[in-house]
Amino acid sequence: MAELSYAETAALRNVVSRAVNETQITDIHTHIYPPAFGDLLLWGVDELLTYHYLVAETMRYLNMGCDHFWALAKRSQADLIWKTLFIERSPISEACRGVLTVLDRLGLDVSTRSLDSYRRFFAGRNVEEYVDQVFELAGVKSVVMTNDPFDDAERPIWLSNKSVDSRFHAALRIDGLLNSWQAAVPRLREWGYKVNNEVNAETVDDVRRFLTDWLDRMNALYMAVSLPPTFEFPEHSPRGRLISECVLPVAIETGRPFAMMIGVKKLTNPGLRLAGDSVGRSSIEVIEHLCANYPDAKFLVTMLSRENQHELCVAARKFRNLHVFGCWWFLNNPSLINEITRMRLELLGLSVTPQHSDARVLDQLIYKWAHSRAIISEVLADKYIDLAAAGWRATEDEIRRDVADLFGGNFWNFVR
Ligand code: FIX
Ligand code: ZN
C-alpha cells in the first residue's frame, strides 16, 4: 500500500472539489416553478425566512399560538423569525445557515444584519432574470417540479397549455389520489372520470386514464407520492388497489418510474401546518416486495427515517429496478448527508443519486447545493484517496464522469 503524500492528497482533493463544483446538476425533486406559474414560485428574503423549517424552529421559542402566528402578514412573520432565530441568538441551525449562505452568495453583506437592505435588494429583482441568476449560482441546469393536479392554484395553469420553461421538468404528484381517495372521488367525477368510492373495474379504467392524461399533459418524468411509516403493500385499501391496479400498470406501460417518499407522519402538530409533519421508521419489506413482484416497474425511493437508510441501500443491492435518491427533509443536514452518502457509496458504488434539494423557495437552490456539494466532495475525495492508496489513480476525466452520473446522469438513465 503506497500512502499518498500530503501534497498528492491535497491535489486529489482539489481535483474532486473542482469536478463537484463545476458539474451542472439535475435536481430531481423540488417544489419550485417557472415564473409562468405566477405566485406558485416563491422567492426572496421573506419567503426564505418563512420557510416551514424556520417556522418550526421559531415556534420553539415563541410564547404565541400558531393561529396568532399564521394571522400575521408574511413580512411580520419574517420579521419575527429573523429577530428570534438570527438576532436574539446565533443562527446555528442548518436552515438558518442556509439563509445566510444565499445572502452571501448573492453578494449581500451578511455582517450588516440589515433585513431592510436585503429586502431592498430583492425588491429590485426581475423574476425571469433572477431565475437565471439563481440557476447559475447554484450550478443547476434543470429541476424536477412537484405538480399536483388536485392543487386548485396549479391545475388551471396546466389546463391553459401554458408553455413551460424547459429547465423545469414535471413530476405527477398523486398524494391526493392515493392518500385521500374518498375526497378525490367527487373531484375526479367533476373532471369527467367515472370513478366510485369502491375501486371497481370501471374506476380502475378511469384512474388509469386520469394518470395517463396528466402524465402526457405535463410530460411528467415520473409519478410521485409521499407515504406514512405505516404504509403497507400489498394493502387491503383503496390505496393498495390503486397502486396495484392503476399506478404500477401505467408506470410499466409508459416506462415512467413510481417515486415513493416514505416515512412522513403528516400533521403530528396540525397547528404548525407544513411545519407540523414528523418522521417514523418504515418497513423495508414493502419496497422489497414491490421490486420483486413488479420487476418491469421502476421505483425511485427516498426514506425519511435515518434508521431506514442502511436497509434501503441493501435492498437496492438486490433490485436494479430500485433507484435510491436524496437525503430527504430531516436528513438534509451536513452530519447526516455525510453519514448517508458515505454508506451509499460504500454499498452501492456510484449507482445512486445522492441528493435532491426539495427547494420550496427558488433561492434555496443556492444553499442546498452549496452545502451538499461541500460534503459530497469531501466524501468522494476520501474514496478516491483510498483507491489511490491501493495504487488505483482515477484521472480527472474519470472523476468528472463519475460526478456527472451522481448529479443527474444516473437519474436520466433510470428514467429513460
Ligand atoms: O412530500 C414532500 O415532497 C416533502 O418534501 C414536503 O412535503 C415537505 O414539506 C418539504 O418541504 C421537505 O423538505
Ligand atoms: Zn418535497
Side-chain angles (χ1 to χ4, degrees), residues 1-29 94 97 101 105 137-142 300-303 306 309-318 320 322-328 331-357 365-415:
M1 281 266 279
E3 260 328 297
L4 267 63
S5 68
Y6 179 80
E8 287 172 319
T9 304
L12 189 46
R13 281 199 186 284
N14 282 338
V15 168
V16 175
S17 169
R18 267 202 313 276
V20 167
N21 290 317
E22 292 169 9
T23 299
Q24 292 284 298
I25 282 173
T26 295
D27 189 344
I28 76 165
H29 174 67
E94 173 64 7
R97 174 186 162 221
T101 298
R105 297 278 170 123
L137 280 172
V140 167
K141 65 180 169 207
S142 65
L300 279 167
V301 175
T302 193
M303 296 181 90
R306 184 188 187 186
Q309 301 309 315
H310 183 246
E311 52 196 11
L312 179 59
C313 288
V314 174
R317 291 172 61 85
K318 312 304 144 194
R320 71 164 172 260
L322 171 56
H323 189 73
V324 175
F325 75 96
C327 299
W328 183 27
L331 299 174
N332 201 349
N333 296 299
S335 58
L336 296 172
I337 299 168
N338 193 310
E339 170 190 302
I340 294 167
T341 304
R342 218 167 268 283
M343 176 168 58
R344 287 172 172 172
L345 293 179
E346 289 160 6
L347 280 165
L348 296 170
L350 294 157
S351 66
V352 64
T353 297
Q355 187 58 300
H356 66 276
S357 73
L365 290 178
I366 297 171
Y367 91 79
K368 301 257 188 176
W369 286 111
H371 293 183
S372 288
R373 280 181 201 262
I375 297 154
I376 293 169
S377 176
E378 182 202 328
V379 173
L380 263 182
D382 288 350
K383 297 298 157 200
Y384 289 112
I385 288 166
D386 289 347
L387 290 184
W392 182 283
R393 299 293 174 116
T395 65
E396 176 147 4
D397 287 352
E398 288 169 340
I399 291 170
R400 285 180 181 276
R401 169 204 58 195
D402 298 343
V403 173
D405 285 345
L406 293 173
F407 283 175
N410 291 336
F411 168 73
W412 285 113
N413 289 340
F414 190 74
V415 167

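Side-chain contact between N332 and Q355 is present, with at least one heavy-atom pair separated by less than 4.5 Å. Between C327 and R344 the shortest side-chain heavy-atom distance falls below 4.5 Å. A 4.5 Å side-chain heavy-atom check between D382 and R342 finds at least one atom pair inside the cut-off. In this structure the side chain of L406 reaches within 4.5 angstrom of the side chain of L380, judged on heavy atoms. Residues H356 and K368 fail the side-chain proximity criterion, which asks for heavy atoms closer than 4.5 Å. Residues L12 and R393 are not in side-chain contact: their nearest non-hydrogen atoms beyond the backbone lie 4.5 Å or more apart.
I399 pairs with exactly one of V403, D397, T395 by the side chain to side chain contact (heavy atoms under 4.5 Å, CB included) rule, that one being V403. Put simply, the residue from N410, T302, T353 that forms a side-chain hydrogen bond (donor to acceptor under 3.5 Å, both in side chains) with H323 is T353.
Atom CZ in R306 sits 4.0 Å away from atom CD in E339 (nearest 0.5 Å). Atom CG of L322 and atom CZ of R317 lie 12.5 Å apart (nearest 0.5 Å). If you take CH2 on W369 and CD1 on I376, they are separated by 6.0 Å, rounding to the nearest 0.5 Å. Q309 CD to I340 CD1: the interatomic distance, rounded to the nearest 0.5 Å, is 4.0 Å.
Closest heavy-atom contact between A370 and T101: CB-CG2, 4.3 Å. Considering all non-hydrogen atoms of both residues, L331 and I337 come closest at O-CG1, 3.7 Å. In terms of heavy-atom proximity, L365 sits nearest to S357 at CD2-OG, 3.7 Å. The nearest pair of heavy atoms linking W412 to S142 is CZ2-OG, 4.4 Å. When all heavy atoms of G408 and T26 are compared, the pair lying nearest together is CA-CB, 4.0 Å. The minimum heavy-atom distance between C313 and L347, with the atom names listed, is CB-CD1, 3.6 Å.
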Quiz item: Going through the checks in order, is the side chain to side chain contact (heavy atoms under 4.5 Å, CB included) test met by Y384 and D402?
Solution: CA-CA 11 Å; Y384 289 112; D402 298 343; 2.6 Å; yes
Quiz prompt | Test log, rule salt bridge (charged side-chain N to carboxylate O under 4.0 Å, His left out), inputs K141 and D27 | solution = CA-CA 8 Å; K141 65 180 169 207; D27 189 344; over 6 Å; no
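Shown here are the salt bridge (Lys or Arg N to Asp or Glu O under 4.0 Å) partners of R97, two or more places apart in sequence or in another chain: E94.
In terms of modelled atom types and a separation under 3.5 Å, the side chain of S377 and the main chain of V20 share no donor-acceptor contact. The backbone N or O of G139 lies less than 3.5 Å from a partner atom in the side chain of R373, making a donor-acceptor pair. A distance-only check finds no donor-acceptor pair linking the side chain of E378 to the backbone of S17 [under 3.5 Å].
Other residues, nucleotides and ligands place more than 12 heavy atoms under 6.0 Å from the CZ atom of R400.
Side-chain N/O atoms of N14 and R18 include no donor and acceptor closer than 3.5 Å.
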